[in-house]
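Numbered from 1 within each chain, the chains take letters A, B, ... in sequence-line order. Only this structure's heavy atoms are used, side chains among them; waters, hydrogens and symmetry mates stay out.
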There are 2 protein chains.
Amino acid sequence: MPSRPHRPRRTTIVDIARELELSIASVSCALNGKPGVSEATRERILRTAREMGWTANHAARSLQSRRSQMIGLVLRRDPADAVQISDFMLRFIDGLNQPFTSREEAIALRTVRDVEAEIRTYRDWASQGRVDALVITDVMAEDPRLPLLAELDVPAVVVGDVRGLADLPSVWTDDEVAMRLSIEHLAAQGHRTAARIHEGEHLRHGRVRSAAFARAAQQAGIGIAAMIPSVVGADAAARQLQELLASDPAPTALQFDSSLRAAEALRALRGMGLRVPEDIALLTLDNSPLCEITEPGLTAIDRDAFAYGATAGRAVLALLETDAREDVQGTTSRLVRRGSS
Amino acid sequence: MPSRPHRPRRTTIVDIARELELSIASVSCALNGKPGVSEATRERILRTAREMGWTANHAARSLQSRRSQMIGLVLRRDPADAVQISDFMLRFIDGLNQPFTSREEAIALRTVRDVEAEIRTYRDWASQGRVDALVITDVMAEDPRLPLLAELDVPAVVVGDVRGLADLPSVWTDDEVAMRLSIEHLAAQGHRTAARIHEGEHLRHGRVRSAAFARAAQQAGIGIAAMIPSVVGADAAARQLQELLASDPAPTALQFDSSLRAAEALRALRGMGLRVPEDIALLTLDNSPLCEITEPGLTAIDRDAFAYGATAGRAVLALLETDAREDVQGTTSRLVRRGSS
DNA sequence: CTGTTAGCGCCTTCAA
DNA sequence: TTGAAGGCGCTAACAG
């Protein structure tokens, strides 16, 4: 532990009390708007507090109130994370902050490489009382964090669908609707066979989406040529596409979870001499500026990451203030039509 | 202030002392690896501490040590922020975390809409002792935060070039080199006239880059058709490009600060029937996956955002631990050649 | 080597 | 209405 910083002592309520020749209790009451002081002395106290530039010391308050005024957020970050994930996440964080702007809460952020480190961080934070609540994102199919949260006694809000996995307050998004919108759009365009290229099913929402995709396709009378994870690298992606298009019946539409992958596919398809959308249609989840710079633009499902985050933030506050366990939809999916379909 | 949470009391050093019938001082010494306890009792103490699941309470430590173990980071976030900015920032944050992974420090993050709110946050955090240090990004041409930092007695590291603006430890990136690489690349391709489309010069680095661009161009014997801020909207951008290409002599190369803008320009130029790179070359700062999905790919200056952040993190630690005022280069620019030039 | 004492800055009974 | 005292959990100085 490094040596204690020797910065100038800040003014404390003791200083104010001494200055005014009052007891610290009176000062404390006045400063916190509590009864127990006359209006006159309260005024005096508030004024000199302002003059002396007093602000409550956070550590002291925290020690006494057992509240850190911190909301913990751990980002398990794959260095290869695609741009639009970053964009969504930063907007989400921005939204998460939103309900806290007029309050003292702030976000304690930490990035880690794997779940083990993430869990360690939660354990540490919880036992040290460093955060008042946790926000959990990217729910995995078999998520070791969910039992952990039950064990640690820290309020937590889960961002994502945890129905059947855990009994925790959650903020989720309508993946079923997103898939239905996608499929219905394709059906309306006369497509009869589609394929889905997802980002892996280790994440819960990957599975939810695949299931919803299958269900919606069946209802719309659309055949599924394949539901496969995306591959990295232009060459591998091109090969994957070729295989996909060789299947019988061949899909006339591709649904992506990642707009970056969709954009790459677009480029590959054109390289293969195929026309989009005439020969094959593309559409993707997670609308982003990326979808507008491709030629043609990418039809995408739009979701308001900021609103999503803000809803999560409000759920955290509700949990903290009234112990209200919320289960709300964070954002609504909307189809944005562009040239690719 | 909401009511105090009534979670089960965690075990404290008092509990351990009582359990072992020792004084709390001995326990404290043992737990902190300080001399003053025999090895035997230390062992005993450590073991029962572990058994009882003890962890130091952060608020108490913080109160006593005057350290919050928090590094403050405020993001002034324009809701219209482009994707690749988000990507760079999240990678930067990831890097910033890097030096803290094996330590107790965490990042206190807050997003705000304007400088006023940002300044208010710094003031609050500083006076409450909520952060041990601040990391300042996006230095503006006339930056009101710099005098503020001198006033507040909080250690701070500036990310960006502040030479001549403030005497603060800083981590900067080689914008001059980036511009020189760009210009030299163009010169080598035989270009004689270029234009620069930047993201506004309210930010310090915007100005630095423009100045460096002009200098490098002069040295390379390249004429500058224009140095103008980008405009938003496809139509406006197309008009801007048309004007630019109508100037005499017309630029045969365009340098962008934003790869999103460059990608949009690429699309617009092709819409105008121009070939890239034959008729006009494009290149951009801030390499990102975006640069690979356009057709042709965008030549770009690559900078390691993670390394940049990590360097900043190390500068913060140095400042905190040894009061060492560092002034280091955070990352190195490198030209990535692609089809657009 | 061990224990006692006194803070860190704030809040909260309980008496006066 | 005001003040004195105790505690939040931990650390540090000094006494034994």
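Residue A/R66 places at least one side-chain N or O closer than 4.0 Å to OP1 or OP2 of D/dG9. Between B/R61 and D/dT11, a side-chain N or O to OP1/OP2 separation shorter than 4.0 Å is present. Taking 4.0 angstrom as the limit, A/S38 places a side-chain polar atom (N or O) nearer than this to OP1 or OP2 of D/dT2. For the OP1/OP2 pair of C/dC11 and a distance below 4.0 Å, the side-chain nitrogens and oxygens of A/N32 include at least one atom meeting the criterion. Put simply, A/S28 has a side-chain N or O that comes within less than 4.0 Å of OP1 or OP2 on C/dC11. Checking the phosphate oxygens (OP1, OP2) of D/dT2, no side-chain nitrogen or oxygen of A/S23 falls inside 4.0 Å. For C/dT2, the OP1/OP2 oxygens have a side-chain nitrogen or oxygen of B/T41 closer than 4.0 Å. A/K34 has a side-chain polar atom (N or O) that falls below the 4.0 Å cut-off from OP1 or OP2 of C/dT12.
A donor-acceptor contact closer than 3.5 angstrom links the side chains of A/D132 and A/S68. A donor-acceptor pair shorter than 3.5 Å can be found between the side chains of B/R61 and B/N32.
Taking only side-chain atoms of B/L63, from C-beta outward, the nucleotide of C/dT12, C/dC8, D/dC10 with the closest atom is C/dC8.
To the nearest angstrom, P of D/dC10 lies 19 Å from CZ of B/R67. In this structure, A/W54 atom CH2 and C/dG9 atom P are separated by 12 Å, rounded to whole Å. Atom C1' of nucleotide C/dC11 and atom CD1 of A/I16 are separated by 14 Å, given to the nearest angstrom. Between the CD1 atom of A/I24 and the C1' atom of D/dG6 there is a distance of 11 Å, given to the nearest Å. Rounded to an integer number of Å, the gap from CD of B/Q64 to P of C/dG9 is 10 Å. Atom CZ in A/R18 sits about 14 Å away from atom P in D/dA4, given to the nearest Å. In this structure, B/L20 places its CG atom 17 Å from P of C/dC1, rounding to the nearest Å. We find that CZ of A/R10 is positioned 16 Å from C1' of C/dC10, with the value rounded to whole Å.
In this structure, B/R44 and B/L22 have side chains that are in contact, with non-hydrogen atoms separated by less than 4.5 Å.
Nucleic acid contact for B/L22: sugar-phosphate only, since backbone atoms but no base atoms lie under 4.0 Å from a heavy atom of the residue. A/A56 comes within contact range of the sugar-phosphate backbone alone, with a heavy-atom separation under 4.0 Å but no base atom that close.
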Check the pair B/R123 / B/E151 against side-chain contact (heavy atoms from CB on, under 4.5 Å), numbers first and verdict last. CA-CA 10 Å; B/R123 282 216 134 88; B/E151 177 192 332; 2.5 Å; yes
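For the pair B/R163 and B/R204, the tightest heavy-atom approach, listed with the atom from each and the gap, is O-NH2, 2.8 Å.
Taking for each of B/E39 and A/T55 the nucleotide of DNA chain C with the nearest heavy atom, the 5'-most of the two is the partner of B/E39. Position along DNA chain D of the nearest nucleotide to B/A25 versus B/A60 favours B/A60 as the more 5'-ward residue.
Salt bridge present: B/R10 and A/D153 bring a charged side-chain N and a carboxylate O closer than 4.0 Å.
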